Structures are given as C-alpha cells and as structure tokens.
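The model shown is predicted, which means the values in this text are computed figures rather than measured ones. Only this structure's heavy atoms are used, side chains among them; waters, hydrogens and symmetry mates stay out.
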Amino acid sequence: MSDKVQDFSPLTPNCARALSDKMYEKRKGAALEIERLVRDLIANNSTEQIERLLSVLGSEFALSSNPNARKGGLIALAAMAIGLGKESGAYLPQLIKPVIACFSDPDSRTRYYACEALYNIVKIARSAVLQHFNTIFNVLSKLAADTDINVKNGSELLDRLMKDIVTESSSFDLVAFVPVLRERMYTTNSFAKQFVLSWITTLASVPDINLLVYLPEILDGMFHILGDQNKEIRKMCEFCLVEFLKEIKTSPHSVDFAPMVNFLITHSQSDDELIQLTAITWVGEFLNLAGRTMLPFASGLLNATLPCMAYEDPRRKDIKEASKSVNQNLMRLITKDDDKDDDEETEARTTGPLMVSVKFEIAAMVEVLTRYLNHESMQTRIAVLKWIYHLHMKTPKKIFQHVEEVFPVLISTLSDPSDEVVLLDLEVLAEIISSPSGPKTSKGSPTKPEVKSVKGMNIYFTKFMFNLLKIFASDQQLLDDRGSYIIRQLCLLLNAEDIYRTLSEILVASDDLKFATNMVQTLNSILLTATELFELRNSLKDLKTEGSCSLFCWLYKSWCHSPVATVSLCFLTQNYRHACDLIFLFGDLEVTVDFLTEIDKLVQLIESPIFTYLRLQLLDAEHNQYLIKSLYGLLMLLPQTTAFTTLNNRLSCVPNLQLLPKDQRKNTTGQVPEKRPHVKTINWENLLDHFKSTQEKHKQSKKPTQKLWEEQLQNMLKL
C-alpha cells in the first residue's frame, strides 16, 4: 500500500483517496488542497514536483479507468491551473492534453467536468492558450453536436470565453487556423455548422483581422452550410455571405477573385434555390468588380447561367433575372480588341478597379454554346444565339476559327419550332456568311455543282444555300410551313438578288426533280407576292440592266422545273411572246391536278395588284396580242372552274380590234417592238430548248414509277 501512495506523491494518501471518491464534495475538497499545494510549490520553485504532480493527475486520475477518478483528475487539473496562475502558460500541454482526452468519454458527466476544467484552465491562461487553439476548436466543434444538454451548455461557455480571448488578442494565428476551419465546415451536423458560422462571424467582426484574404479558402464551405435544412442556420449563413459581399464591394483590391469563381460556378448549378441565387448574385458582383479577370471563366459562367434562362417557375424568377444580368455583364467585357492576334495584345487593359492583361480564349465558350443550342428551352436557345451573334460582331477572326463547329448546328436550328429562334438564327447565319473575316476561297474540294462566288460574301454564303436546300429537301413539312418565312427573312437580311441567283444555280443542277419543282414553286410564290422582294420584282419587270437580264436567265433555267412558274416569270418580265411559246408546249406535258392547281394560282395572281400593269396592257390589244393569246392558252387548259370563269371574265373586257378606228390599226405587228436593249441579247431559242430538256428529264423520271404501277395492276388482274 505504501508503494501505491508513493506513486501519487506529492499528493498525500488522503488527498489521492478523496480525488477518487464518488462524493463530489470530497473531490472538490481534494482539489482545493491541490491548489494550495501548487501555490506552495510555486513559492518554493519546485518545478520537478509540479511536473510530477501534473503527470500523476493526468495519467493516474484523468486517464484512469475509474470514472470517479477521472472526474477527480479533471477537477484537480483545473485547480492546478488556478494555483499556477500566471505560471500556467509554461505547463499548458500537460494541463490540456488529459482534459482533451476526456471529451471522448462515453459518460456525459465526465465530458461536462472536462468542459468545466478546460474553461478554468483557459480562463487562467488567457492568450497563452492560443498556441493550442486549433486543438480546442476541434473539440468545441464536436461538443456543439453533443447530445447532452449540460455538456452543450458547458461547451458554449467555453466557446464564448475562447472568442473573447481571440478578439482581444493580437497573437492569434489565423493562417494556421483557416485550414482547420475549412475542414470543420463540411460537417453534416447542423449544430456544428452553426458553431462554425458563429466563429466566422466573430472573426469577421474583429477590426485587425482581414478575413477577406482567406475567403477563397472558406467560401465553398459556406455554401455547403447554406444548404442546411435548418432555416435559422440558412438565414445566419445568408447574412454572413451578404456581409462578406459588402466588404468585397468596399475593398475589391484586397480580394483574390479568381480562386473563388469556380466554386461559384459549381454552386450556380445547385438544385437548392437559395444556393443558386446567392452564387449567381456573387458572380454578377464579381463581373462588376473584377472585370476582365473573369473572362477566363466565361465558358463556366455560360454553362451555369444558360440553363437558368429556361426557368418558368415564379419561385425561380429572381434566379432567371440574375442569370440574364450575368450574361449581359459578361457580354460587355468582350470587345473588338479581343479579336487581336496574340502578338498585338501587348497593353494591359483596365476594367473597374483592376488593371489586368487577359487573353481571351474562345474555344471553350464555343463548345458550351454549341451544346446549349440544342437545349429544350426556347429562352436558352435565344440566349445562345445572341451570344454567337455577339462573338461574331466583336471577335469575328477568333470565332471563324471554330465556325465549322457552330455552322452545322445553326443550320439544323432552322427547324426550330419557335419563329423567334429561327429569326435570330437567320440573323446569326447572315452575319457569318456576309462577314469580311470569313474565308473567300475554300481550301477543300470545290462545291458540286460549282456556283459562282457572290461579291461581298465569303464561302459560307454558298455553303449555307446548299445546306438550306438540303434541309428543305429532307423535311418537306419544314418547306411547307417555314420555307416562305425563312426565304423572306433572308431577303431582308441579305441581298435578295444574290439569294435567288445562288439558289437558282444550285436548283438547275439538282437531281431531285420533285424537290426542285416544289422549291421553285415556293420561290416563285415569294417572288411574286412578298413585299420584301418589291425591288427585285421591279428590276425583273423592267430588265433594264445586263445584271437583271442575267438574273432572269438563271431564274428561267431553274424555273423550268415548274412550267407554270416559268410562264409566270415571263409574265413578270413582260416577255409575252416567249410565254405564248411555252404555253403551246403545255399540250405535250402531263396535265395533272397539281399542274391545274398551279394554273389556278397563277390566275389568282393575275387578278392581284402585282400584275396591275399586265391587266392594263390588255387595253392595248393591238400591240399585246401575244399576252392575250397566252391568257387564252391558260383559259383553254383550265376546266370550267372558278379560275376559268375569272379569267374568262377578264378576257371579255379586252377591247375588240374590229371596233377600233381604222387609223389606229395601221402597221399592226401584234406586239410592241422590244425597246429594252439587253433583252434583245437573250437567246430565247436556247432557253426554250432548256425548258424542253428539263421537262423531258421530269418525264423520264416518272417512267419507272409508271412502269411499277402497271406491273402491280397486272398482278392484281391475275389474282
């Protein structure tokens, strides 16, 4: 027994027994005795005895397997700290380590005594305890989630004390603390999150601590906390983020924006509405404050905000508006200077408070834009098209390096169900194909059939026309529903003559005769009726220039796919004699329902304002006999329908030549001599031959179908 008592020295046997007693009063009395003992040891400068006593209390009591001994050891360690007073700083490792170990004790009373003991130790040591701050902080974060209310209350008292010490001390090591803080932010326990937030708020309130410098380290964790289900915690975290954002606005020079942007991009895609709105709001402020330093993150920002354009839920209205604002601000950062070559970008440029030199990389942006151009939302697709248009306006050289990636997607977008999307798509395509930055010649194999290049256009003009006809050929419904709309809008955006000439050149060589016929009929209808083509109609009507005659010849060659359209073109250009020659050839053609329907439409057009001049020319019957003859030819082709009656009534109004005064019937030739010099150069025989050969191709193409039908009929008869 004497050996055992000797092991506890300098404790007396009675004091050692009292420390392990189950009665609190006895343990408390022993602690007071230890406090007096320590004071004496300090007075006698008995350092070895103090260290011996710390070792005994730590290993034999605080870490004992006996719960009462552990409680006594904790009280005794606190008493030692009180007894050591100012000298406690030299013995803090021995004082704190056993107490920290007791925080993991399964007995809640032991954990409570540990809180009490550490509180007393810290209260005595004050700023000296900051050397062990990270260890204490980790313990406190765990205690915040303790299930026992007394333990939690005790830890809160200790927590407040630690905050007081940190805020009043100038020796707090924030650099060493931030990694610990960051790690604890990802806890799943709501109480632990609240504890972490309270510390961030405390540190942010200390004037001598600039937490903005360390914001990149903790921002992601704060958004993690913002997603907690507890409304109080969410509100607390939201307030904390708002305050940080205010500080950033006040002193943007002290903020490193770049490391935080990727975190914000990630959280901008969160399913949690509050997280998403907060992240996008921060991005918007960063764009205003950091300016061009945000450009390297442009693709990520687009990836985060473009889907938000699709939101229709009223609860996400703010997110949608914030995303629109981000897009607009990001657009403003991109200027024509960004289209310079790398060796030209030598000067730093200023945006907002920061002087930066940023190289604008467009490849990643193009990849994102191309992907989202197929997004299910119309609003997102519109936003993408606006971006592509903006890049072509500001950085045409750079965007043309990736135009082969964008161009096919833009072509397919013409099938979009939204008129607004199609119109914007056409505007983008028009900008691409007319841009002077585009290549003028193709490096690859020539386009078949070869089409003459158009002045003022790059190679994508012809490519676009080929692809436009290709998409119409593959989607008859698109041609029927949107063909007219697309062509008319293109004629507004580009030169109508260039469009019609190029389309005609392609259609002349088309092997798909049925599609060529449908396309010609569509183009003819637009030409004769659309207000957008008023100037082109007038040019063709007069044929005063060599260019207009050349255009007429190209149109004629492609219009030959549709006999009635060819006649209408001759009516438009006032070439009535040739129209008469064409109509006489109609007797050799197969007269189908579609054929008669086209004549019916032509009769309606003759009665429209477009052909007012033609109807007035009927008054001069003496010099427009070929026109009258042509109209009678159409009349003879028509069955006695409404169109027949309409045309017959019109022809009945033509003045009778026999009733004209004789002096007005002299030198009658049946036609006004052609006064248009360039029209006289047109080889009408060649055009008529081309019409015949084109119709012969159509006739031959129908033979296999007719033969197949005859075989099927014979098989049916055999049965």
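- Under the 3.5 Å distance criterion, the side-chain polar atoms of Ser701 are matched with a main-chain donor or acceptor of His698.
- Within the 3.5 Å criterion, the main-chain N or O of Leu555 finds a donor-acceptor partner in the side chain of Ser558.
- Phe191 CZ: 12 or fewer foreign heavy atoms inside a 6.0 Å radius.
- Salt-bridge check for Glu238 with Lys235: failed, with every basic side-chain N at 4.0 Å or more from each acidic carboxylate O.
- Between Leu410 and the choices Asp425, Asn467, Val403, the side chain to side chain contact (heavy atoms under 4.5 Å, CB included) rule is met once, by Asp425.
- Checking side-chain atoms of Ser412 against main-chain N and O of Val409 turns up a donor-acceptor pair under 3.5 Å.
- Between Phe195 and Trp199, the two ring planes are perpendicular [angle over 60°; tilted spans 30° to 60°].
- A salt bridge between Glu243 and Lys246 is present, with a side-chain N of the basic residue lying under 4.0 Å from a carboxylate O of the acidic one.
- Between Trp387 and His390, the two ring planes are perpendicular [angle over 60°; tilted spans 30° to 60°].
- Between Arg482 and Asp475, none of the side-chain N atoms (NZ, or NE/NH1/NH2) sits under 4.0 Å from a carboxylate O, so this pair counts as no salt bridge.
- Between Ser434 and Met457, the closest side-chain pair of non-hydrogen atoms falls below 4.5 Å.
- In this structure a side-chain-to-backbone donor-acceptor pair under 3.5 Å is present from Asp338 to Thr335.
- Without hydrogens or angle criteria, Thr517 side chain to His561 main chain gives a donor-acceptor distance under 3.5 Å.
- Counted within 6.0 Å of CG on Asp313, heavy atoms from surrounding residues, nucleotides or ligands total more than 12; the atom is thus considered enclosed.
- Counted within 6.0 Å of OH on Tyr485, heavy atoms from surrounding residues, nucleotides or ligands total more than 12; the atom is thus considered enclosed.
- A salt bridge is absent between Glu321 and Lys317: the closest approach of a Lys/Arg side-chain nitrogen to an acidic carboxylate oxygen does not fall below 4.0 angstrom.
- At distances below 3.5 Å, not a single donor-acceptor pair connects side-chain atoms of Tyr389 with backbone N or O atoms of Leu424.
- Side-chain contact annotation: Tyr311 with Gln276, donor-acceptor N/O pair under 3.5 Å present.
- Without hydrogens or angle criteria, Ser418 side chain to Val421 main chain gives a donor-acceptor distance under 3.5 Å.
- With hydrogens and angles disregarded, a donor-acceptor distance shorter than 3.5 Å links the side chain of Ser205 to the backbone of Thr202.
- A salt bridge does not link Arg292 to Asp337: none of the charged side-chain nitrogens sits closer than 4.0 Å to a carboxylate oxygen.
- Among Arg315, Arg234, Arg316, the single residue meeting the salt bridge (Lys or Arg N to Asp or Glu O under 4.0 Å) criterion with Asp272 is Arg234.
- Between Asn230 and Lys193 the shortest side-chain heavy-atom distance does not fall below 4.5 Å.
- Panel note: side chain Arg381, backbone Leu373; no donor-acceptor pair is recorded below 3.5 Å.
- For Tyr460 and Phe407, the ring centers sit closer than 6.0 Å to each other.
- A 6.0 Å sphere centred on OH of Tyr186 holds more than 12 heavy atoms belonging to other residues, nucleotides or ligands.
- Side chain of Asn327 to main chain of Leu302: no donor-acceptor pair is present (N/O by atom type, distance under 3.5 Å, no hydrogens or angles).
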- request: Take His267 and Asp220 through the test side-chain hydrogen bond (donor to acceptor under 3.5 Å, both in side chains) and record every step on the way to the result.
  value: CA-CA 8 Å; His267 293 298; Asp220 183 55; 2.6 Å; yes
*Applying side-chain contact (heavy atoms from CB on, under 4.5 Å), run through Phe472 and Asn518 and close with a yes or a no.*
CA-CA 10 Å; Phe472 281 152; Asn518 292 337; over 6 Å; no
